[in-house]
Student: 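To start, I am sharing the structure in question, which I have written as C-alpha cells.
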Amino acid sequence: MEKLDRYLQEHFDVPAKNPSEEAQRRWRQAVGTIVKNRRRRFRWVPDLERRSLDKAKVRSTQEKIRVALYVQQAALIFSDDELALITSKHDSKALKMHGGVDGISKKVCSTFDRGICASNLDTRQNIYGVNRYAEKPSRSFWMFVWDALQDMTLIILMVCALLSVAVGLATEGWPKGMYDGLGIILSIFLVVMVTAVSDYKQSLQFKELDNEKKKIFIHVTRDGRRQKISIYDLVVGDIVHLSIGDQVPADGLYIHGYSLLIDESSLSGESDPVYVSQDKPFILAGTKVQDGSAKMIVTAVGMRTEWGKLMSTLSEGGEDETPLQVKLNGVATIIGKIGLVFAIVTFLVLLVRFLIDKGMTVGLLKWYSTDALTIVNYFATAVTIIVVAVPEGLPLAVTLSLAFAMKKLMNDKALVRHLSACETMGSAGTICTDKTGTLTTNHMVVDKIWIAEVSKSVTSNSISEDLNSVVSSSTLSLLLQGIFENTSAEVVKEKDGKQTVLGTPTERAILEFGLGLEGDHDAENRACTKVKVEPFNSVKKKMAVLVLLPSGTSRWFCKGASEIILQMCDMMVDGDGNAIPLSEAQRKNILDTINSFASDALRTLCLAYKEVDDDVDENADSPTSGFTLIAIFGIKDPVRPGVKDAVKTCMSAGITVRMVTGDNINTAKAIAKECGILTDDGIAIEGPEFHNKSPEEMRDLIPNIQVMARSLPLDKHTLVTNLRGMFDEVVSVTGDGTNDAPALHEADIGLAMGIAGTEVAKESADVIVLDDNFATIINVARWGRAVYINIQKFVQFQLTVNIVALVINFVSACITGSAPLTAVQLLWVNMIMDTLGALALATEPPNDEMMKRPPVRKGERFITKLLNIKGADSKSIINTLIFNSFVFCQVFNEINSREMQKINVFRGIISNWIFIAVIAATVAFQVVIIEFLGTFASTVPLSWQHWLLSVGIGSVSLIVGVILKCIPVGSGENSAAPNGYRPLANGPDDI
C-alpha cells in the first residue's frame with residue numbers, strides 16, 4: 001500500500017485548480033500503453049496539443065487587434081461591414097464622417113432615450129446578424145458508437161471471433177460451428193451499444209450544463225423602457241447599460257457615462273485598462289468593465305465582432321481533469337499491468353498444458369482444425385481477461401458521477417462551472433461567506449433614519465408627516481436631493497405604467513424611501529446637472545456625485561459606510577436646514593446612534609454634502625473632508641429562512657463557517673449570532689486590524705476568527721491564502737463583486753452569487769449559486785461528499801470483480817488446463833462492472849449521514865488502509881493483527897474439528913478438561929507473545945478493539961464450518977452413508 005501511494009503521488013498527483021501543463025503531461029505519460037480505448041478514456045480530459053494551438057491563435061489575434069488599436073488605418077474603409085469595422089478598427093475618421101455617435105444612431109434607427117422598437121428584431125437580425133458565434137456541431141450518437149469500437153481488445157476479440165467462425169464452420173458445419181464466434185460478436189455488439197448509449201447521454205448532460213454557463217443577461221433600453229434580456233437577443237441599435245463587473249456583450253459606441261474604465265486584456269493582451277469617453281467611444285465585445293458605468297449603442301454582434309471571430313476559431317480543448325480522475329487513471333494503469341501479466345501467463349499455461357496433453361496422446365506432429373480452434377479460444381480468453389483486468393471504467397465513473405451531481409445541483413440552484421469543484425467541495429473544511437444576500441434575504445428596506453439629531457422608525461405610512469414635524473422643508477429638500485442625485489438605482493416604467501426601481505438592493509431601499517417621502521424624482525433630475533460620478537467602490541466603501549445646482553453653484557453628495565463618512569464630516573444639518581459645527585459630544589452621540597442601529601442588525605449608511613467653488617476640477621477625486629452630515633439610514637435585511645439550520649449542519653459536518661463582510665462590526669456580530677456563526681469563544685475582528693497583524697499573530701488568531709467586518713477584498717484574499725497555506729485547509733469562498741475575483745480564484749472552491757454577482761466574479765468562480773442562498777452552498781458540499789463516497793463504492797466493486805475474475809481463470813488454468821469463464825461470459829462480467837456498475841453505484845444521491853462525519857482532508861488516501869490504521873507503527877500493527885487473527889482462526893478451527901458431522905461442536909466440551917486446558921493455554925500464551933514478547937516475536941501490543949476484531953475474524957470459521965456441513969458430499973458406492981457423509985476409510989484394508 002505504501003508503494004502504491006508513493007507511485008500515485010509521484011506520477012498521478014495534480015491540484016484541483018489550475019494544474020500545470022507539466023503535471024498534466026506527467027500522468028498521461030505514466031498511463032503509457034495500458035489503455036484499451038484512448039478515445040474514450042481521454043474524452044473528458046483536455047487535449048494539450050489542441051489547447052496549445054488555441055493559445056497560439058489567441059496570441060496571434062491579440063497581436064492583430066493591438067496593431068489595429070495603436071496603428072489606425074489611414075484610409076477610410078468602405079464595405080458591407082462598414083458599421084462593424086468602425087468600432088473594431090477604432091476608425092475615428094469614418095465615425096466622424098457618419099456624424100459621430102448621433103449619426104450612427106440615426107442610421108440604425110435607434111434613439112438614446114427610447115432605444116429600438118422591439119417589433120423589428122427579426123429584421124435587424126437578418127441585416128446585421130445574430131449575437132452568437134459559430135459553434136462546432138454536437139457529436140452524434142454514431143460517433144460515440146465509433147469511439148466505443150476503438151477499444152483495441154474488442155478489435156482483437158472480433159478478429160478471434162471471425163477466426164472461430166471460419167474454423168467452426170469448416171469443422172462442425174452450419175449452424176453449430178457459428179455458436180462460439182457469433183456469441184463473442186453479439187457480446188461485443190451489446191458492450192459497444194451500452195457503452196455508446198451511456199456516453200451519449202453523458203455528453204447531452206454536459207451540453208445542457210455548458211449552455212447554462214453561457215446564459216448571461218444584460219439591461220437594455222427598448223421601446224422607451226429599461227428591461228433585462230439575454231445577450232443572445234441583443235441586436236444592432238440596442239442601447240446597453242454597462243456597470244462595474246459586466247462583460248461587454250457586443251461591439252458598440254459610448255453614448256454617455258461616468259468614469260468608464262475598460263479591461264481589454266482578453267482581446268489585446270494589454271494589462272493596462274483603457275478609459276472610454278466621448279472622445280474615445282469605441283467599446284469591444286469580450287472586454288470587461290473595470291470601473292464606472294455607461295450607456296453604449298450596439299454596432300456589431302456575433303461573428304462580426306473580433307471576439308466572435310476569435311471564439312469561433314477555438315476548439316473545445318476539454319476541461320482540466322480532476323484529481324480523482326487522474327488518481328484513478330493511475331490505479332487503472334497499475335491494475336492493467338497486473339492484468340496483462342495474468343493474461344499472458346494464463347494463455348501460456350493453457351497453451352503448454354494443451355501441447356503436453358496433445359504430445360502424450362496423438363503427438364505434436366499431427367494437427368487438426370479443432371486444435372487451431374482451441375488455441376484461438378485460449379487466446380480469446382486471454383484477451384478477454386485483459387478486457388476485464390484493465391478497469392477503464394474507473395476514471396470514466398468519476399466523470400459520470402460528477403455529471404450526474406452537476407445535473408442535480410443545477411435543479412437545486414447551483415451551476416457548477418468546473419468539474420473539479422464538485423469533487424473538491426466534498427473536502428471543504430472552511431466556508432468564508434458574505435453576509436448580504438447570502439445569509440440574508442437581500443430584500444432591503446429603510447427601517448430607521450437619524451436626521452437633525454432625531455431618530456425615527458420608518459414603519460408607518462405617515463413617515464413623511466413625522467419628519468415634517470421635526471425638520472424644516474429645507475432640511476427635507478436637502479435629504480431628498482442627496483437621495484435622488486447620489487444613487488445608482490433607476491426608476492423605470494413597466495408596460496402597465498407602474499414604476500419600478502432597478503439597482504442594487506441597498507440603492508433600491510434608499511431610493512424607494514425617498515419616493516415614499518413624496519419626492520419628485522424626475523423634477524430633481526431636471527433641476528440639477530450631474531458633472532461627475534464616482535460609483536461605489538468596495539475599497540473606498542463610498543460613492544459620490546458632483547452636481548451643478550440651478551443657482552450655478554456646485555455641490556458634492558457622498559454616501560457610504562457610516563464610520564468613514566462621519567470622519568469626513570465637520571458639520572451637520574440642523575432642523576432648520578442650516579449647517580452647524582459638529583461638536584465632539586454630538587459626534588459621540590452620532591456614533592452611539594450608529595452602534596445602536598447596528599446592534600439591531602441594521603445596515604448603516606451616512607449621507608453628507610459639501611459646497612465647492614465654481615472652478616472645481618472635474619478630473620479630481622471627490623474630497624475626503626469638509627462635509628456636512630445630512631442623515632444616517634438604518635437598513636433592514638432579514639436573515640434567510642433555513643440559514644441557522646444550514647450552519648448547524650456545517651458544524652456537525654466538521655465545516656467551519658466564517659462571515660466576511662464590509663458591514664459595521666456590530667451589524668455583523670448581530671447577524672452572525674442570529675445565524676449561529678458567532679459563538680462565545682469565537683472572535684469578531686475588523687479588516688484593518690486583521691490586515692495589520694504579523695504572520696505569527698495571524699497563525700494564533702485565524703483558527704478562532706468567525707466574523708470579519710469592514711473587510712476589504714484584499715483582507716478576504718489574505719484570510720483565504722493563510723487558511724490554505726498555514727493550516728492546509730480546503731477553503732470555499734463566496735463573492736459577488738469584481739474585487740472578489742482574486743479571492744474566488746485563490747480559493748479551492750470559488751462560489752459566485754448568481755443574482756448579485758458581477759460577470760467578472762462569475763467568470764472567476766467554480767460554482768455559481770443561482771439563488772444567492774447559503775443553504776444551496778451546503779447542498780453543493782453534500783453532493784461533493786456523495787461523489788467521493790460513490791466512487792469509493794465503485795472502486796471497491798470493480799477491484800473485487802477484477803481480482804476474482806483473474807484468480808479464477810488463472811488458478812483454473814494452472815490446475816485443470818481450462819478457463820471456466822469463457823470470452824462471452826467475461827464480456828458480460830465486464831459490462832456489469834464497467835458501464836452498468838458505474839451507472840448503478842456512481843449516481844447514488846447523498847443522504848443526511850454524509851453530513852455527520854468530518855470532511856476528507858488533503859492528501860488523505862482514496863483507497864484507505866486496512867482498518868484505517870495510521871501512524872509510524874501502522875505496518876507493525878497490521879502485521880501483528882494478521883498474525884493474531886490467524887492464530888485465533890486455528891483456535892476456532894480446533895473447536896470446529898471436534899465434530900465431523902454434527903453442527904453443535906460445543907456438545908460435551910466441558911467434560912473434556914484436557915481440550916479446554918490446551919485451548920486456554922494457547923490463548924494465554926498468545927496474549928503473552930503479543931503484549932510482552934514483541935522484541936522476540938516481532939509483534940506490537942494491540943488495543944482491546946483489535947483483540948476483539950482478531951477473535952471475531954477467527955470465529956468466522958465456526959460459521960464456515962456450519963455451512964460446509966450442510967452441503968451433501970459423495971456419491972456412488974458411498975451414497976448410502978448416513979446424512980450424505982462419506983467415511984474416511986471403508987475398512988481395515990483401506991487404513
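Predicted, not measured: the structure shown is a model, and the values here were computed from it.
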Student: Do the side chains of R114 and D223 get close enough for a salt bridge, i.e. N-O under 4.0 angstrom?
Tutor: no
Student: Examine distances only and state if a side-chain atom of K559 and a backbone atom of N486 form a donor-acceptor pair shorter than 3.5 Å.
Tutor: yes
Student: Mark yes or no for whether S711, through its side chain, and T661, through its backbone, hold a donor-acceptor pair below 3.5 Å.
Tutor: yes
Student: Got a donor-acceptor contact below 3.5 angstrom from the Q247 side chain to the G286 backbone?
Tutor: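 Pair absent, no side-chain N/O of Q247 close to backbone of G286.
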Student: Kindly write out the residues that satisfy salt bridge (charged side-chain N to carboxylate O under 4.0 Å, His left out) with K540, not counting sequence neighbours, or none if the list is empty.
Tutor: none
Student: Salt bridge (charged side-chain N to carboxylate O under 4.0 Å, His left out), that's the test. Do K288 and E264 meet it? Break it down for me.
Tutor: CA-CA 7 Å; K288 298 177 180 68; E264 294 185 343; over 6 Å; no
Student: Not counting sequence neighbours, which residues clear salt bridge (charged side-chain N to carboxylate O under 4.0 Å, His left out) with D279? List them please.
Tutor: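 In terms of salt bridge (charged side-chain N to carboxylate O under 4.0 Å, His left out), with neighbours along the sequence ignored, D279 is linked to no residue.
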Student: Please name the pair of heavy atoms, one in S554 and one in L546, separated by the smallest distance, quoted to 0.1 Å.
Tutor: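 Shortest heavy-atom contact: CB-CD1, 4.0 Å.
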Student: Start with the C-alpha distance between D592 and K588, add both sets of side-chain angles, then the distance that settles salt bridge (charged side-chain N to carboxylate O under 4.0 Å, His left out), and finish with yes or no.
Tutor: CA-CA 6 Å; D592 290 342; K588 184 179 180 302; 3.4 Å; yes
Student: Please name all residues satisfying side-chain contact (heavy atoms from CB on, under 4.5 Å) with H745, sequence neighbours left out, ordered by chain then number.
Tutor: N18
Student: Strictly by modelled atom types, are T440 and D637 linked by a side-chain donor-acceptor pair under 3.5 Å?
Tutor: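 Yes - a donor-acceptor pair under 3.5 Å links their side chains.
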Student: Could I get the full list of side-chain hydrogen bond (donor to acceptor under 3.5 Å, both in side chains) partners for S474, not counting sequence neighbours?
Tutor: S472
Student: Could you pull out all residues at least two apart from S105 that satisfy side-chain hydrogen bond (donor to acceptor under 3.5 Å, both in side chains)?
Tutor: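 Once residues adjacent in sequence are excluded, S105 has no partner under the side-chain hydrogen bond (donor to acceptor under 3.5 Å, both in side chains) criterion.
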Student: So does F112 have more than 12 non-hydrogen atoms from other groups sitting under 6.0 Å from CZ?
Tutor: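 Enclosed.
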Student: Given T487 and M543, is the side chain to side chain contact (heavy atoms under 4.5 Å, CB included) satisfied, shown in steps?
Tutor: CA-CA 8 Å; T487 182; M543 61 187 296; 5.6 Å; no
Student: Could you list the donor-acceptor pairs under 3.5 angstrom formed between side-chain atoms of residues 442-454 and any protein atom two or more places apart in sequence or on another chain?
Tutor:
| from | atom 1 | to | atom 2 | distance (Å) |
| --- | --- | --- | --- | --- |
| K448 | NZ | D600 | OD2 | 3.0 |

Student: What pair of heavy atoms forms the shortest contact from L712 to K541, and how long is it?
Tutor: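 Closest heavy-atom pair between L712 and K541: CD2-CE, 4.0 Å.
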Student: Who passes side-chain contact (heavy atoms from CB on, under 4.5 Å) against S583, sequence neighbours left out?
Tutor: A585, Q586
Student: Can you tell me how far the CG atom of D233 sits from the CZ atom of F217, to the nearest 0.5 Å?
Tutor: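 Rounded to the nearest 0.5 Å, the CG-CZ separation comes out at 8.5 Å.
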Student: Assess, by modelled atom type and distance only, whether the side chains of T87 and T299 contain a donor and an acceptor separated by less than 3.5 Å.
Tutor: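 Yes.
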Student: Within the distance-only criterion (no hydrogens, no angle test), does the side chain of N664 pair as donor or acceptor with the backbone N or O of N666 below 3.5 angstrom?
Tutor: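 Yes: the side chain of N664 pairs with the backbone of N666.
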Student: Treating R508 as the side-chain partner and T500 as the backbone partner, does any N or O pair qualify as donor plus acceptor under 3.5 Å?
Tutor: no
Student: Does the side chain of M659 reach to within under 4.5 Å of the side chain of L439, using non-hydrogen atoms?
Tutor: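 SC-SC contact between M659 and L439 confirmed.
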Student: State whether the side chain of N595 and the backbone N or O of L591 hold a donor-acceptor pair below 3.5 Å, judged by distance alone.
Tutor: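 Yes, because the side chain of N595 sits within donor-acceptor range (under 3.5 Å) of the backbone of L591.
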Student: Can you tell me how far apart OG (S110) and CD1 (I239) are? Round to the nearest 0.5 Å.
Tutor: 4.0 Å
Student: We want to know whether H241 and T221 form a side-chain donor-acceptor pair, criterion being a heavy-atom distance below 3.5 angstrom.
Tutor: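 There is such a pair between these side chains.
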Student: Are a donor atom and an acceptor atom from the side chains of T776 and D771 found within less than 3.5 Å of each other?
Tutor: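 Checked: T776/D771 side chains pair up, N/O donor to acceptor below 3.5 Å.
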Student: Under 4.5 Å between any side-chain heavy atoms of W556 and F627, yes or no?
Tutor: yes
Student: Give a yes or no answer on whether the side chain of K644 reaches the backbone of V639 with a donor-acceptor pair at less than 3.5 Å.
Tutor: no
Student: Does a sphere of radius 6.0 Å around NZ in K295 hold more than 12 heavy atoms from other residues, nucleotides or ligands, not counting ones at 6.0 Å or beyond?
Tutor: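 More than 12 heavy atoms, drawn from other residues, nucleotides or ligands, come within 6.0 Å of this atom.
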Student: Between C558 and M568, does a side chain to side chain contact (heavy atoms under 4.5 Å, CB included) hold up when you go through it step by step?
Tutor: CA-CA 10 Å; C558 193; M568 296 164 54; 3.8 Å; yes
Student: Working to the nearest 0.5 Å, report the span between CD1 of I632 and CZ of F597.
Tutor: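 CZ of F597 is found 6.5 Å from CD1 of I632.
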Student: Roughly how far, to the nearest 0.5 Å, is the CD1 atom of I255 from the OG1 atom of T111?
Tutor: 9.5 Å
Student: Under the salt bridge (charged side-chain N to carboxylate O under 4.0 Å, His left out) rule, collect the residues that match up with D570, sequence neighbours excluded.
Tutor: none
Student: Which residue pairs pass the salt bridge (charged side-chain N to carboxylate O under 4.0 Å, His left out) test when at least one of the two sits in residues 707-718, sequence neighbours left out?
Tutor: D434-K716, E563-R710, K716-D740
Student: Identify the two heavy atoms, one from V501 and one from A489, that lie closest to each other, and give their separation to 0.1 Å.
Tutor: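 Shortest heavy-atom separation between V501 and A489 comes out as CG1-CB, 4.0 Å.
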Student: Of all residues at least two apart in sequence or in a different chain, which pass the side-chain hydrogen bond (donor to acceptor under 3.5 Å, both in side chains) check with E686?
Tutor: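 With neighbours one apart ignored, the set is empty.
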Student: Check whether any side-chain N or O of D576 sits under 3.5 Å from a backbone N or O of N578 as a donor-acceptor pair, and report yes or no.
Tutor: no
Student: Could you pull out the closest heavy-atom pair between T593 and S455, with the gap in Å?
Tutor: CG2-OG, 3.9 Å
Student: In Å and rounded to the nearest 0.5 Å, what is the CZ to CG distance from R587 to L566?
Tutor: 5.0 Å
Student: Which value, rounded to the nearest 0.5 Å, describes the distance between S562 atom OG and I594 atom CD1?
Tutor: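 Nearest 0.5 Å value for the OG-CD1 distance: 4.5 Å.
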Student: Determine yes or no for a side-chain-to-main-chain donor-acceptor pair under 3.5 angstrom, with K610 supplying the side chain and P623 the backbone.
Tutor: no
Student: Between F557 and Y609, what is the ring plane arrangement, given parallel below 30°, perpendicular above 60°, and tilted in between?
Tutor: tilted
Student: Under the side chain to side chain donor-acceptor pair (under 3.5 Å) criterion, do T553 and S551 qualify, and how do the steps go?
Tutor: CA-CA 6 Å; T553 59; S551 61; 3.1 Å; yes
Student: So, does T475 use its side chain to make a donor-acceptor pair with the main chain of D574 at under 3.5 Å?
Tutor: yes
Student: For R658, give me all partners under salt bridge (charged side-chain N to carboxylate O under 4.0 Å, His left out), at least two apart in sequence or on another chain.
Tutor: none
Student: Quick one, V733 with L751, criterion side chain to side chain contact (heavy atoms under 4.5 Å, CB included). Give me CA distance, side-chain angles, the key distance, then yes/no.
Tutor: CA-CA 6 Å; V733 171; L751 300 150; over 6 Å; no
Student: Output, in order, the C-alpha distance, side-chain angles, deciding distance and verdict of side chain to side chain contact (heavy atoms under 4.5 Å, CB included) for R226 and V220.
Tutor: CA-CA 6 Å; R226 185 166 169 172; V220 299; over 6 Å; no
Student: Heavy atoms only: give me the nearest D736-A761 pair and the separation to one decimal.
Tutor: O-CB, 3.6 Å
Student: Any salt bridge (charged side-chain N to carboxylate O under 4.0 Å, His left out) pairs touching residues 659-669, not counting sequence neighbours?
Tutor: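 Only K435-D663, R603-D663 qualify under salt bridge (charged side-chain N to carboxylate O under 4.0 Å, His left out).
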